[in-house]
2 protein chains.
Amino acid sequence: MTEKNYDVLKLENQLCFPLYACSRQIIRKYHKYLDALNLTYTQYIAMMVFWEVKTINVKELGKRLYLDSGTLTPLLKALEEKGYVRRQRSKEDERVLLVEITEAGEALKEQAVSIPAKMNGCMNLTPEEAMTLYHLLYKALS
Amino acid sequence: MTEKNYDVLKLENQLCFPLYACSRQIIRKYHKYLDALNLTYTQYIAMMVFWEVKTINVKELGKRLYLDSGTLTPLLKALEEKGYVRRQRSKEDERVLLVEITEAGEALKEQAVSIPAKMNGCMNLTPEEAMTLYHLLYKALS
DNA sequence: TATAATTAAATTGTACTCAATCGAATTGAG
DNA sequence: CTCAATTCGATTGAGTACAATTTAATTATA
């Protein structure tokens, strides 16, 4: 009779844990740059979508960000409050809420464009390692 | 005069985003297994520490989990509520709160031990890829 | 030995996350 | 057409996260 092996329950043997800790660490680092734009991290990645597509509905935005309406509804209301987006129901289908970027939202892009460079190198990874990490994460996300 | 390049602001060019999305995805998958143990994900990784060390103070626990007292205080109260840990001030230094696993907390380990195997393969990565990811994440966490 | 500095938790306030549920609009099968 | 199923989004409730502040205890120093 051998002892049961509990090593699988050690924190150091989890893949999820460094993933979780690393994600929180990087978001924390974004904070100080995003404060200047009056954006939270989640609002920032939502704005990235708006800077690209100008208009999108909640469902589609959720698909891109892997977030549901429970998170997005208050987030989009906050962005509207700040004047960065406009929310209005679709004429074709009243269930659909179209969210559109405003002039102020577009203008924000100018301030945001310097952030990625500032964040670069904050991760202690070589460019090759960062690339490997990127591809592994997207593979895991599929 | 060349146009300014906004590609750095595209979601697909961020490393932080798949990290964030992947972290949330995996925690979501843990949920259904952890519900049976009446634990949230954060409580689960805290319990992993208790299963290893039996007793630890808030400060040390925070260092291991990369979490601060603002997160841990309510979490530990919840675990105490469920009967999995006991909280008491240190006799040597009244500022220090010692948190100790209970019998019920120990017993939980038996149910938890099957979870890692169930979670295995949920990530769509080969064992080698998972290992690479693990090391890159810990390097980034340093 | 007062008191200043430091330390450990707790508290406060703001902002996510997400499962579950709800209500309104739309669609589809009979 | 009509009612059931589906879809979209909003809402609710529990649980994080974390910066900033507070309180209590301990330690160091003048």
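The sequence lines fix the lettering, A, B, ..., with proteins before strands; numbering per chain opens at 1. Nothing here was measured: the structure is a model prediction, and the numbers come from that model.
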Calculate the interatomic distance between A:Lys59 atom NZ and D:dA10 atom P; express it in whole Å.
13 Å
Check the distance between D:dA25's P and B:Asn57's CG and give it to me in whole angstrom.
17 Å
Using only heavy-atom distances, decide whether a donor-acceptor pair under 3.5 angstrom links the side-chain of B:Ser69 to the base of C:dA10.
yes
Nearest of C:dT26, D:dC8, D:dA10 to any side-chain atom of A:Val96?
D:dC8
Sugar-phosphate only, base, or nothing, as touched by A:Glu60 at under 4.0 Å among non-hydrogen atoms
nothing
Of the nucleotides C:dT26, D:dA10, D:dA25, which one has an atom closest to the side chain of A:Glu94?
C:dT26
Expected output: side-chain B:Trp51 to main-chain B:Leu108 donor-acceptor under 3.5 Å:
no
So if I apply the side-chain contact (heavy atoms from CB on, under 4.5 Å) rule between A:Ile101 and each of A:Arg86, A:Glu52, A:Lys54, which one comes out positive?
A:Lys54
Under a single-linkage definition using a 4.5 Å side-chain heavy-atom cutoff for Ile, Leu, Val, Met, Phe, Trp and Tyr, are B:Leu75 and B:Val53 assigned to the same hydrophobic cluster?
yes
Closer than 4.0 Å, any side-chain N/O of A:Arg89 to the OP1 or OP2 of C:dT26?
no
How does each nucleotide of nucleotides 12-19 of chain C score, in 5' to 3' order, for protein heavy atoms under 4.0 Å: base (B), sugar-phosphate only (S), or none (-)?
---SSBBB
Exam field: side chain B:Thr102 to backbone B:Gly83, donor-acceptor pair closer than 3.5 Å
yes
On DNA chain C, check which nucleotide each of B:Asp93 and A:Lys91 is closest to and give me the residue with the more 5' one.
B:Asp93
Whole-Å distance between D:dC8 C1' and A:Leu98 CG?
12 Å
Atom CZ of B:Arg95 to atom P of D:dT26: distance rounded to whole Å?
7 Å
Rounded distance (Å) that lies between atom P of C:dA24 and atom CG of A:Leu97
17 Å
Is the Lys NZ or Arg CZ of A:Arg64 less than 6.0 Å from the centre of A:Tyr66's six-membered ring, within 45° of the axis?
no
Using a 4.0 Å heavy-atom cut-off, does B:Lys77 contact any base of the nucleic acid, only the sugar-phosphate backbone, or nothing at all?
sugar-phosphate
Counting only side-chain heavy atoms from C-beta out, which of D:dA25, D:dA10, C:dT11 sits nearest to B:Thr73?
C:dT11
N/O (side chain, A:Arg87) to phosphate O (OP1/OP2, D:dA10) under 4.0 Å
yes
Taking atom C1' of D:dT16 as reference, at what distance in whole Å does atom OH of B:Tyr44 sit?
18 Å
For atom CD of A:Gln88 and atom P of D:dC8, their distance in whole Å
19 Å
Taking atom types as modelled, find out whether B:Glu110 and A:Tyr6 have a side-chain donor-acceptor pair closer than 3.5 angstrom.
yes
Atom-to-atom span, CG of A:Leu61 to C1' of D:dA10 - whole angstrom
15 Å
Determine whether the side chains of A:Ser114 and A:Lys118 contain a donor N or O and an acceptor N or O closer than 3.5 Å.
yes
